[in-house]
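Bear in mind that the values here come from a model prediction, so they are computed numbers and not experimental data. Quick note: numbers below take in every heavy atom, side chains included, and nothing from hydrogens, waters or symmetry partners.
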Amino acid sequence: MDLVIRDAHVIDGTGGAAYRADVAVDGGRIAAVVREDGGPRPGGRRVVDADGLALSPGFIDMHAHSDLALLRDPDHSAKAAQGVTLEVIGQDGLSYAPVDDRTLTQIRTAIAGWNGGAPGVADIDFDWRDVGGYLDRLDRGFDGEGIAVNAAYLVPQGTVRMLALGWEDRAAAPGELARMKRLVAEGLEQGAVGMSSGLTYTPGMYASDAELTELCRVVAAYDGYYCPHHRSYGAGALRAYEEMVALTREAGCALHLAHATLNFEVNEGRAPELLALLDAALADGADITLDTYPYLPGCTTLAAMLPSWAAEGGPEATLARLRDDATAERIRRVMEVDGADGCHGVPIAWDTIEISGVSDPALSDHVGRTVAESARARGEAPWVTARRLLLADRLGSTILQHVGHEENVQAIMKHPVHTGGSDGILHGAKPHPRAYGTFPHYLGRYVRELGVLPLEECVAHLTGRPAARLRLPDRGLVREGYRADLVLFDPLTVAAGSTFEAPRTLPVGIPHVLIDGRFVVEDGRRTSVLAGRSVRRRAG
């Protein structure tokens, strides 16, 4: 055997009771799991003493924004140090494949706040155009050696719509819909595990339910799943959840609700209503899962707060509208008085909008301040500051939006179909701490300190259940024959090190992380191992 992990407290990812065992690894897979007093103890070329440590499957981040970070940063300790061994990227309907030369430039501009990579930045060679090419690039990674952790990909519906009909707010013509369906099918054939949408982001939000249903029929035909950031997490949140359940049931498609929460004052304490909706659908045979992050603030771009009509035509058209005083005043009124669809139908409260990152370092004095605070320092109205920043940073600024409710977060994470997702944006000077802390925060804060979930149940939410959603037959459990994607952590000390003040601090209590039986983290330090590859949808 290559390795034996001796006397581990095995939490196997099923949600069942933990047990003490030796776990043997050989050839990148779990070769034996020998329970205490269960027979001869296996021997190996290397033995790790795991007494006092929990051994679990590697954590699966069901909502990640590492699309470019995986290609830019071979270390990628933001995820590896948390025990994440697989990330699902291509989220919120906006990513970098499939594209052509025109849309690649547009998408690089539109989501520079999420990932960097704006046009003119040459830190990555964008040498792919389709989903298969992007997945191949992940497999090559750095010097042909791979990437830090594994990655699965969702076909981004907004990017697909961008290819088929641009940034126009209109119904797709029959030929355009047919092209979108072909693009989704090609992405799934090339290895994507499903399709995502960002239905408060342009241009994906311009799609009708009928259009989305037709695309979901394609996803269903390939046994994939639909992962929508739906149309509202605020004033129309429950209606938006109902909409996603209804259209996926019509399409016969599995549904995974992205960062499923209920925010803003209008939704305080309303998690039971959402869970009742889901329970009724599940009881009627629906295939539904969801993910959440264990924090209250959300994170996105400042430009995402704009009304959708202001973004029609793409980033350059948005900037032109912001430069025009009369149009900018219309935007302000919608945002501050009516409630823009980009802000989930709720009038924006500038004291809840904290600038977390800027693309232009000359604007860094905004970072760490709310828009209201930055405006006061400049002696101007908040909208004036926000407008100046959007123009100066060419829509590249990221924000934290402090609009969550603890009781909603806790209620949703306890649901049986819940999984963990960081929604972690790694770009920017002061990112959300969830990017570096989601998984140890679940284990330390919500399991050990608050007792919201039993440890075994929480681990199942982070491992076995997401692997089942991804249709992965050999990941997500500590079981013979499964891939040796494993985490050793100390249940008594594991905790997120990241905070809102120091968001890039690494966690504690996670000494070892293995991918395919290779140590990605050893004795609490990131090794040079690049064991990650693309994880592709299985044909058939």
Name all residues meeting the side chain to side chain donor-acceptor pair (under 3.5 Å) criterion together with [X]; count only those two or more places apart in sequence or in a different chain, and write none if there are none.
{"X": "Thr103", "answer": "Asp100"}
{"X": "His256", "answer": "Thr289, Asp291"}
{"X": "Arg321", "answer": "none"}
{"X": "Asp169", "answer": "none"}

Step through the shown structure and confirm whether more than 12 heavy atoms of other residues, nucleotides or ligands are within 6.0 Å of [atom1] on [X].
{"X": "Arg332", "atom1": "CZ", "result": "yes"}
{"X": "Asp123", "atom1": "CG", "result": "yes"}
{"X": "Arg504", "atom1": "CZ", "result": "yes"}
{"X": "Arg239", "atom1": "CZ", "result": "no"}
{"X": "Glu265", "atom1": "CD", "result": "no"}

Could you measure the distance from the [atom1] atom of [X] to the [atom2] atom of [Y]? Nearest 0.5 Å is fine.
{"X": "Ile353", "Y": "Met335", "atom1": "CD1", "atom2": "CE", "answer": "8.0 Å"}
{"X": "Ile425", "Y": "Thr300", "atom1": "CD1", "atom2": "OG1", "answer": "6.0 Å"}
{"X": "Asn150", "Y": "Thr85", "atom1": "CG", "atom2": "OG1", "answer": "6.5 Å"}

Determine the interplanar angle of the [X] and [Y] rings, folded into 0 to 90°, and report it as parallel if under 30°, tilted if 30 to 60°, perpendicular if over 60°.
{"X": "His344", "Y": "Tyr233", "value": "perpendicular"}
{"X": "His229", "Y": "His259", "value": "perpendicular"}
{"X": "Tyr446", "Y": "His441", "value": "perpendicular"}

Between [Y] and [X], do the side chains contain a donor N or O and an acceptor N or O under 3.5 Å apart?
{"X": "His63", "Y": "Asp423", "value": "yes"}
{"X": "Glu522", "Y": "Thr527", "value": "no"}
{"X": "Thr385", "Y": "Glu380", "value": "yes"}
{"X": "Asp139", "Y": "Ser534", "value": "yes"}
{"X": "His230", "Y": "Glu243", "value": "no"}
{"X": "Glu373", "Y": "Trp350", "value": "no"}
{"X": "His461", "Y": "Thr419", "value": "no"}
{"X": "Trp383", "Y": "Glu329", "value": "no"}
{"X": "Arg72", "Y": "His427", "value": "no"}

Could you report the tightest heavy-atom contact between [X] and [Y], atom names first, then the distance?
{"X": "Leu530", "Y": "Ala148", "result": "CD2-N, 3.9 Å"}
{"X": "Glu211", "Y": "Ala172", "result": "OE1-CB, 3.6 Å"}
{"X": "Ala237", "Y": "Leu262", "result": "CB-CD2, 3.5 Å"}
{"X": "Ala207", "Y": "Arg231", "result": "O-NH2, 2.7 Å"}
{"X": "Ile355", "Y": "Ile399", "result": "CD1-CG2, 3.8 Å"}
{"X": "Thr202", "Y": "Ser308", "result": "CG2-O, 3.8 Å"}

Does [X] reach the main-chain N or O of [Y] with its side chain, forming a donor-acceptor pair under 3.5 Å?
{"X": "Asp393", "Y": "Ser397", "result": "yes"}
{"X": "Arg161", "Y": "Glu168", "result": "yes"}
{"X": "Gln401", "Y": "Cys343", "result": "no"}
{"X": "Thr398", "Y": "Gly357", "result": "yes"}
{"X": "Arg140", "Y": "Ile147", "result": "no"}
{"X": "Thr327", "Y": "Arg323", "result": "no"}
{"X": "Asp67", "Y": "Ser95", "result": "no"}
{"X": "Thr318", "Y": "Ala310", "result": "yes"}
{"X": "Asp75", "Y": "Ser77", "result": "yes"}
{"X": "His405", "Y": "Asn267", "result": "no"}

Is it true that [X] and [Y] make a salt bridge, defined as a side-chain N closer than 4.0 Å to a carboxylate O?
{"X": "Arg179", "Y": "Glu176", "result": "no"}
{"X": "Arg394", "Y": "Glu316", "result": "yes"}
{"X": "Asp73", "Y": "Lys79", "result": "no"}
{"X": "Asp325", "Y": "Arg330", "result": "no"}
{"X": "Asp136", "Y": "Arg533", "result": "no"}
{"X": "Lys430", "Y": "Glu501", "result": "no"}

*Report yes if the side chains of Val508 and Val494 come closer than 4.5 Å at any heavy-atom pair, otherwise no.*
no

Legend entry - Residue pair Leu426 / His76, side-chain heavy-atom distance below 4.5 Å: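 Yes; the side chains approach each other to less than 4.5 Å.
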
| message | On the six-membered ring of Tyr295, is Arg434 placed so that its NZ or CZ lies under 6.0 angstrom from the centre and within 45° of the ring axis? | response | no

Open item on the list: Would you say the rings of His418 and Tyr442 are close, in the sense that their centroids are separated by under 6.0 Å?
Closed with: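 Ring centroids of Tyr442 and His418 are less than 6.0 Å from each other.
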
**Item:** Centroid separation Phe500 to His432 less than 6.0 Å
**Value:** yes

- Could you walk me through whether Asp125 and Arg137 pass salt bridge (Lys or Arg N to Asp or Glu O under 4.0 Å), step by step? CA-CA 10 Å; Asp125 180 10; Arg137 179 61 189 280; 5.3 Å; no

Here the ring-ring contact (aromatic ring centres under 6.0 Å, His included) pairs for residues 80-122, sequence neighbours left out, are His65-Trp114, Tyr96-Phe126, Trp114-Tyr201

*Sequence neighbours left out, what pairs pass side chain to side chain donor-acceptor pair (under 3.5 Å) with at least one residue falling in residues 184-196?*
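Residue pairs with at least one partner in residues 184-196: Glu189-Tyr222.
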
